[in-house]
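Okay, structure first, notes after.
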Amino acid sequence: MEETLEFRLAAGDTGALGECYRVHSPAVRSYLRKLVPPQDVEDVMQVVFTEVWRFRHRFDPGRSLPAWLFGIARNRAVDHLRARAPATVPLEAVPDPAGRDGRLDGDQFADRDRIRRALASLPQVQRQAIELAYYGDLTQREIAEHLRVPLGTVKARTARGLHRLSTLLRPAA
């Protein structure tokens with residue numbers, strides 16, 4: 001029988017867990033530092049190595065022990081982050097966003113609202129073509145493939161929609 005750390009751990013040798021921790025904990029700790037806040041690394045480390053021992057029978061000693069450890073570490077880090085309560089800030093404490101010149105720019109929000117309302121007033125096929133182009137960042141050819149319509153149809157819908165938007169968004173004189 002093999003006497004490697006992997007085989008000893010899978011067989012339930014209690015000394016193997018300590019050796020596994022001594023050998024692999026620096027790499028696992030470093031990996032976890034990239035995933036969870038610094039103050040939580042040690043807590044997640046404890047959960048990782050508890051699971052290593054608890055699920056040692058699932059480990060295939062012919063496979064990579066570090067890969068198995070990193071898989072457990074990643075899963076526990078994700079679980080840890082999901083369980084955390086999101087940081088909330090009272091709405092009153094959030095300042096209005098600044099414009100490009102550093103001053104508050106309420107006009108920017110008004111413009112967005114006007115554009116949203118103008119888009120909503122377009123026929124659905126025109127709105128869809130424009131949204132896929134501008135918000136979906138697709139080319140007209142990609143839009144045609146996505147919608148399964150001819151390229152000329154996409155070009156016509158986009159042109160008609162943009163023309164209609166220009167009339168709807170024209171500043172009042």
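- At least one donor-acceptor pair closer than 3.5 Å links the side chain of Arg127 to the backbone N or O of Leu122.
- Taken from CZ in Arg164 to CG in Leu162, the straight-line distance is 13.0 Å, to the nearest 0.5 Å.
- The hydrophobic cluster containing Val154 also includes Leu132, Leu138, Ile143, Leu147, Val149, under a criterion of side-chain heavy atoms closer than 4.5 Å among ILVMFWY residues, counted directly or through chains of members.
- The ring-ring contact (aromatic ring centres under 6.0 Å, His included) contacts involving residues 119-167 comprise nothing, where partners must be two or more places apart or lie in separate chains.
- Heavy-atom minimum distance, Ala27 versus Phe70: O-CE2, 3.7 Å.
- Considering only residues two or more places apart in sequence or on other chains, Glu51 meets the side-chain hydrogen bond (donor to acceptor under 3.5 Å, both in side chains) condition with Arg76.
- Taken to the nearest 0.5 Å, the CG atom of Leu169 stands 9.5 Å off from the CZ atom of Arg117.
- Applying the side-chain hydrogen bond (donor to acceptor under 3.5 Å, both in side chains) test to Tyr21 and every residue at least two apart in sequence or in another chain returns Arg29.
- When all heavy atoms of Leu9 and Ala16 are compared, the closest pair comes out as N-CB, 3.6 Å.
- Using a 4.5 Å heavy-atom cutoff, the side chains of Pro38 and Arg33 are not in contact.
- Expressed to the nearest 0.5 Å, how far CD of Glu19 lies from NE2 of His24 amounts to 8.0 Å.
- Contacts of Asp40 classified as side-chain hydrogen bond (donor to acceptor under 3.5 Å, both in side chains), with partners at least two apart in sequence or in another chain: His80.
- Here the straight-line distance linking atom CZ of Phe49 with atom SG of Cys20 works out to 5.0 Å at 0.5 Å rounding.
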Inset, instruction - Decide yes or no on side chain to side chain contact (heavy atoms under 4.5 Å, CB included) for Thr50 and Gln46, but give the supporting numbers first. - result: CA-CA 6 Å; Thr50 300; Gln46 183 176 1; 4.2 Å; yes
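- Leu168 CG to Arg170 CZ: the interatomic distance, rounded to the nearest 0.5 Å, is 9.5 Å.
- The hydrophobic cluster containing Leu69 also contains Trp53, counting ILVMFWY residues as joined when their side-chain heavy atoms lie under 4.5 angstrom apart, directly or transitively.
- Residue Val52 is tested with Leu65, Val47, Leu17, Val28 for a side-chain contact (heavy atoms from CB on, under 4.5 Å); the sole match is Leu17.
- Using modelled atom types, no side-chain atom of Arg56 and backbone atom of Ala11 make a donor-acceptor pair closer than 3.5 Å.
- Looking only at distances, no side-chain donor or acceptor of Ser30 sits under 3.5 Å from a matching main-chain atom of Pro26.
- Contact between Leu35 and Leu81 at its shortest, heavy atoms only, is O-CD1, 3.3 Å.
- The side chain to side chain donor-acceptor pair (under 3.5 Å) pairs that include a residue from residues 59-69 number zero, where partners must be two or more places apart or lie in different chains.
- Annotation: side chain of Leu5 is not in contact with side chain of Pro61 (no heavy-atom distance under 4.5 Å).
- Using a 4.5 Å heavy-atom threshold, the side chains of Arg84 and Pro37 count as touching.
- Summarising the geometry, atom CZ belonging to Arg141 is positioned 7.5 Å from atom NZ belonging to Lys155; distances are rounded to the nearest 0.5 Å.
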